[in-house]
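Proteins get letters first, then strands, A, B, ... in listed order; numbering begins at 1 in each. Computed from a predicted model, the values in this text were never measured in an experiment. Every heavy atom of this structure was used, including side-chain atoms; hydrogens, water molecules and symmetry mates were not.
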Amino acid sequence: MLRVRFAPSPTGYLHIGSARTFIFNWLYARHNGGTVVLRLDDTDVERNTQVSVDSIFDGLNWLDLGWDEFYRQSDRLALHAAAAETIRQKGLAYRDFTPARAEDEVASEPAGGWLFNPGMRELSAEESDRRAAAGEPFVLRFRVPREEKHVVAFADGVFGKQTKLAKDIEDFALLRSNGMPTYHLASCADDVDLKITQIIRGQDHLTNTFKHVLIFEALGGDIPKFAHLPLLIAPDGAKLSKRKHGPVVSVTTYRDAGFLPHAYVNFLCLLGWSPKNDREQMTRQELVDAFGFEGINRSNAVVNFSEESPIDAKALWLNGQHLRSMPLEELLPLIRSSLPPQDDEERFRLAVDAVRQRFTSLHDFATRGKGYFSDDFEIDPVALDKLNQPQAREILRELGERLEAQPEFSEAICEAELRKLAEERGVKPGLLINASRAALSGQAVGPSAFLVFACVGRQRVIERLKKV
RNA sequence: GGCGCUAUCGUCUAACGGUUAGGACAGAGCCCUCUCAAGGCUUAAAUAGGGGUUCGAUUCCCCUUAGCGCUACCA
């Protein structure tokens, strides 16, 4: 049984890179009939916050993909401690009583790097036990093999065969001096316990994987398969950070900008993955069907944004594509809450379908499209120019009278009446067409004017024309 | 510094060792037209540099350069 996991640590908002990792995990699981495990990696008590937990769920829920099982690492501390003890008893880890190094000390490390603190690896079991029993604080470190030729290797689903000399790996920590597990230990112990079969995560963990292989081996049992994803970076080549790049890094920004969840998922999929057939706009099912590691790239992908256009233009385009082509049924619930109650469902559907053709954001319905869904709307300045053409207002009022006198109301009737009136008054139909769109919708741009009549509906058309 | 990974248009990407190096977004132009979109057509735009291997290299190998990652009692 295939099992994948997404393991965010709650120290911020849901980062778009994390969101993409989640999506790829989800797609891989769905493609292969596997299980998606969501695990909160919250062993860093210093940095975890509830606000962050909430915002991660916010983002995940918005993506609307769901997951199958949920765990938090902080509930599983006993398991981690047991795993650490197992490794220590096998002689594969030792206590290090050296005090923690200060930040600046780490930065000014001598060339050649640091592998382990002198003396600690060789401490006798007796002395180690004695000092521990006396309450002296220690970190538990993995005893990395020091044989010259010892190679640690694994096959990565994206990057292929990876090898590294064990002598280049430092004796990393398993347990902190406060007894809490480190990320490496907790993550591997949980992966084993949760029977994760495939780990899909960011490439920033590619080199950590050598350490994880060592831990998995020490713990015994099957080692999961790995697949690392290229990172998402900013146009300046730096990794995306809130401090440096602002809200572009948070998924909630896209939700708040009026993105369709699926359109954004689709966009993120195209960053670092390709179905290799030039397809770009894809449904969820198409993504599931097409997804595989073969399509994943090995180089980092730039999220394209700038101060003038803070959101990647391709994301905007893709959102527009989905907005116009998705089933109307699925779109309606997404916009209804931002609009006043609608009195005529059929007309509402007609209007939404008409205006969506030129919208790119969910917000457009309540802003640019307001005249179609509410009586309380402003006339756009450009639209006002069209309305202020000589004779326009007066003829429009007349048109209102005539439509009121008609027993029937339809797109065709409106067109016939408008054209007839234009001819009688000796003005170009275009004058009235543009002026009526302005008067009826408040917008200088929009669907074909006669469709606008139908979208607004008989009663409102007459009202709006007569009081123009 | 050490170790690891990567390198095709501005951006996302495609190309069994043989293509006029393809597509998309963004840009420019044209068409369509009652406006604006959409759509259609056209256009500009790339194999980081240097060595190999090969009849032939974007593709395989090496070096250089650049970028990124790891090198914490963060994850």
Legend entry - Residues touching RNA chain B, which here means a heavy atom under 4.0 Å, drawn from residues 157-166 of chain A: A:F159, A:Q162, A:K164
Inset, instruction - Check each residue of residues 389-398 of chain A for a non-hydrogen atom within less than 4.0 Å of any atom in RNA chain B, then write out the ones that pass by number, or none. - result: none
Inset, instruction - Let me know the distance between NE2 of A:H205 and C1' of B:C5, rounded to the nearest Å. - result: 15 Å
Legend entry - A:Q162: side-chain contact (heavy atoms from CB on, under 4.5 Å) partners, not counting sequence neighbours: A:F154, A:D156, A:F159, A:L206, A:F210
Inset, instruction - Go along nucleotides 33-48 of chain B 5' to 3' and tag each nucleotide: B for a protein heavy atom under 4.0 Å from its base, S when only backbone or sugar atoms are that close, - otherwise. - result: -BBBBSS---------
Legend entry - Results of side-chain contact (heavy atoms from CB on, under 4.5 Å) for A:D75 - residues two or more places apart only: A:R72
Legend entry - Listed nucleotide nearest any side-chain atom of A:A100, set B:C73, B:U11, B:A75: B:C73
Inset, instruction - Answer with yes or no whether A:N208 presents, from its side chain, a donor or acceptor under 3.5 Å of a partner atom in the base of B:A75. - result: yes
Legend entry - Inter- and intrachain pairs under side chain to side chain donor-acceptor pair (under 3.5 Å), touching residues 387-396 of chain A, at least two apart: A:N388-A:R393, A:E394-A:R425
Inset, instruction - Under 4.0 Å between any heavy atoms, over every strand shown, what does A:T98 touch: base, sugar-phosphate, or nothing? Just pick one. - result: base
Legend entry - salt bridge (charged side-chain N to carboxylate O under 4.0 Å, His left out): pairs with one or both residues in residues 309-320 of chain A, sequence neighbours excluded: A:E280-A:K314
Inset, instruction - Within residues 170-194 of chain A, find the residues that approach RNA chain B with a heavy atom at under 4.0 Å, and present them sorted by residue number. - result: A:E170, A:A173, A:R176, A:S177, A:T182, A:Y183, A:H184
Legend entry - Partner set under side-chain contact (heavy atoms from CB on, under 4.5 Å) for A:K244, not counting sequence neighbours: A:D236, A:A238, A:S241
Legend entry - Residues which pass side chain to side chain donor-acceptor pair (under 3.5 Å) with A:R121, listed by chain and number, not counting sequence neighbours: A:D171
Inset, instruction - Would you indicate what A:T43 reaches in the nucleic acid, counting non-hydrogen atoms under 4.0 angstrom: base, sugar-phosphate, or nothing? - result: sugar-phosphate
Show me the protein contacts with nucleotides 14-17 of chain B, counting only N or O atoms at under 3.5 Å.
| unit_1 | atom_1 | unit_2 | atom_2 | d |
| --- | --- | --- | --- | --- |
| B:A14 | OP1 | A:K276 | NZ | 3.3 |
| B:A14 | OP2 | A:N297 | OD1 | 3.2 |

Inset, instruction - Could you check whether A:P230 gets within reach of a base, just the sugar-phosphate, or nothing at all, counting any heavy atom under 4.0 Å? - result: nothing
Legend entry - A:H80 and A:D190 side chains, donor-acceptor separation under 3.5 Å: yes
Inset, instruction - Tell me what A:G202 touches on the nucleic acid: a base, only sugar-phosphate, or nothing, going by heavy atoms under 4.0 Å. - result: nothing
Each nucleotide N or O in nucleotides 59-68 of chain B that has a protein N or O under 3.5 Å away: list the pair and distance.
| unit_1 | atom_1 | unit_2 | atom_2 | d |
| --- | --- | --- | --- | --- |
| B:C68 | O2' | A:N300 | ND2 | 3.3 |

